[in-house]
Amino acid sequence: MFESLQERLGSILNGLTGRGALSEADVSAALREVRRALLEADVALDVVRSFTDKVREKAVGAAVLKSIKPGQMVVKIVHDELVAMLGEEGVPIDLNAPAPVVLMMVGLQGSGKTTTTAKIARRLTDRQGKKVLMASLDTRRPAAQEQLRQLGEQVKVATLPVITGQSPVDIAKRSVQAARLSGHDVVILDTAGRTHIDEPLMVEMAEIKAASNPHEILLVADSLTGQDAVNLARNFDERVGITGLVLTRMDGDGRGGAALSMRAVTGKPIKLIGTGEKMDALEEFYPKRIADRILG
Ligand code: GDP
């Protein structure tokens, strides 16, 4: 396991107890450790840079309190700044629009989009009494459509019947029409991913958006994504315009750095986290918990 940041900073800074204020040199030494911890947690490099700049501003000249050790003080400054950068907790999915409210799920293949679609559908059904319709727009992989249908059966949420040969845009339009006719409150569109971001994917997402007027566009991303997290989030946000993030595989042993990277580049809230393969493994986002994890 990694040595915790708290321990590392302790060994660098604790000789300073009783020395008045943190100097530029003390802070620089501490920030080298902070930087290392963030990179180990897979936070993207440019996010690490802007983060350490902010911490430097707050820490240089800060009075070394008698009651706590200097290392602990820097850890607190770092922790508070991480929590601030990770953003607000408990931001709900916004359903405040005329029915049917369309939620569009976007992301790379394998990120957990289909699973998350069904988890969200289940949550809105069970907790908010919403009538939800799910539709798979993945015409490239028939197995994906079948996967959503099966998950729909499992969570007892309707899925749009598949008509072979329809384009993703046609399916999106048909979903909204079907929901309107049968009185569904919410439509969740599970779009097709790719193994990496490419132009056709972005064009397809833009077309689906134009055809279905989604109220939320949620980027589903694997929390184990490393330095690519920034590119991924930036591309989807610039090209499609996301309204929030869902991070999956938070049950894995990653340190959660992607959360910070994606939040920092998009400024969009992390709305939910996936914590397992089961349909109830979807939780609220608590920035303090992720900050603790990043710090180790
Ligand atoms: P998609 O290609 O983006 O639709 O991805 P899927 O929804 O098919 O998910 C890919 C795999 O990841 C499946 O085996 C899921 O069960 C699994 N998965 C999705 N979310 C989570 C999660 O939060 N934790 C874990 N451990 N596995 C997940």
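Computed from a predicted model, the values in this text were never measured in an experiment. Heavy atoms only: backbone and side chains are in, while hydrogens, waters and symmetry mates are out. Order of appearance sets the numbers: ligands from 1, and atoms from 1 within every ligand.
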Check Asp237 with Lys268, please: is the shortest side-chain N to carboxylate O separation under 4.0 Å?
yes
Should the pair Glu199-Arg239 be classified as a salt bridge under the 4.0 Å nitrogen-to-oxygen rule?
yes
Among Glu277, Arg194, Gln147, which residue places a heavy atom closest to atom 27 (N) of ligand 1?
Glu277
The one among Thr114, Asp251, Thr116 that brings a heavy atom closest to atom 26 (N) of ligand 1:
Asp251
Any idea which protein heavy atom is nearest [atom], and the distance to it?
{"atom": "atom 3 (O) of ligand 1", "result": "Lys113 N, 2.8 Å"}
{"atom": "atom 20 (N) of ligand 1", "result": "Thr248 CB, 4.0 Å"}
{"atom": "atom 5 (O) of ligand 1", "result": "Gly112 N, 3.1 Å"}
{"atom": "atom 18 (N) of ligand 1", "result": "Arg249 NH2, 4.1 Å"}
{"atom": "atom 21 (C) of ligand 1", "result": "Gly276 O, 3.5 Å"}
{"atom": "atom 7 (O) of ligand 1", "result": "Thr115 OG1, 2.5 Å"}

Is a side-chain N or O of Thr191 found less than 3.5 angstrom from the main chain of Met105, in a donor-acceptor match?
yes
side-chain contact (heavy atoms from CB on, under 4.5 Å) test vs Lys173 passes for just one of Val169, Val176, Ile171, namely Val169
contact_flag [X] ligand 1 heavy-atom lt 4.0 Å:
{"X": "Gly110", "result": "yes"}
{"X": "Gly107", "result": "no"}
{"X": "Ser111", "result": "yes"}

Contacting atoms of ligand 1, where contact means under 4.0 angstrom from a heavy atom of [X]:
{"X": "Leu108", "answer": "3 (O)"}
{"X": "Thr275", "answer": "23 (O)"}
{"X": "Gly274", "answer": "23 (O)"}
{"X": "Lys119", "answer": "23 (O)"}
{"X": "Gln109", "answer": "2 (O)"}

Does a side chain donor of either [X] or [Y] reach within less than 3.5 Å of an acceptor in the other side chain?
{"X": "His79", "Y": "Asp292", "result": "yes"}
{"X": "Ser50", "Y": "Asp53", "result": "no"}
{"X": "Thr195", "Y": "Gln109", "result": "no"}
{"X": "Glu146", "Y": "Gln150", "result": "yes"}

Tell me, yes or no, whether the heavy-atom count around Arg35 atom CZ, taken from other residues, nucleotides or ligands under 6.0 Å, exceeds 12.
no
Hey, are the side chains of Leu282 and Arg123 touching, using non-hydrogen atoms and a 4.5 Å cut-off?
yes
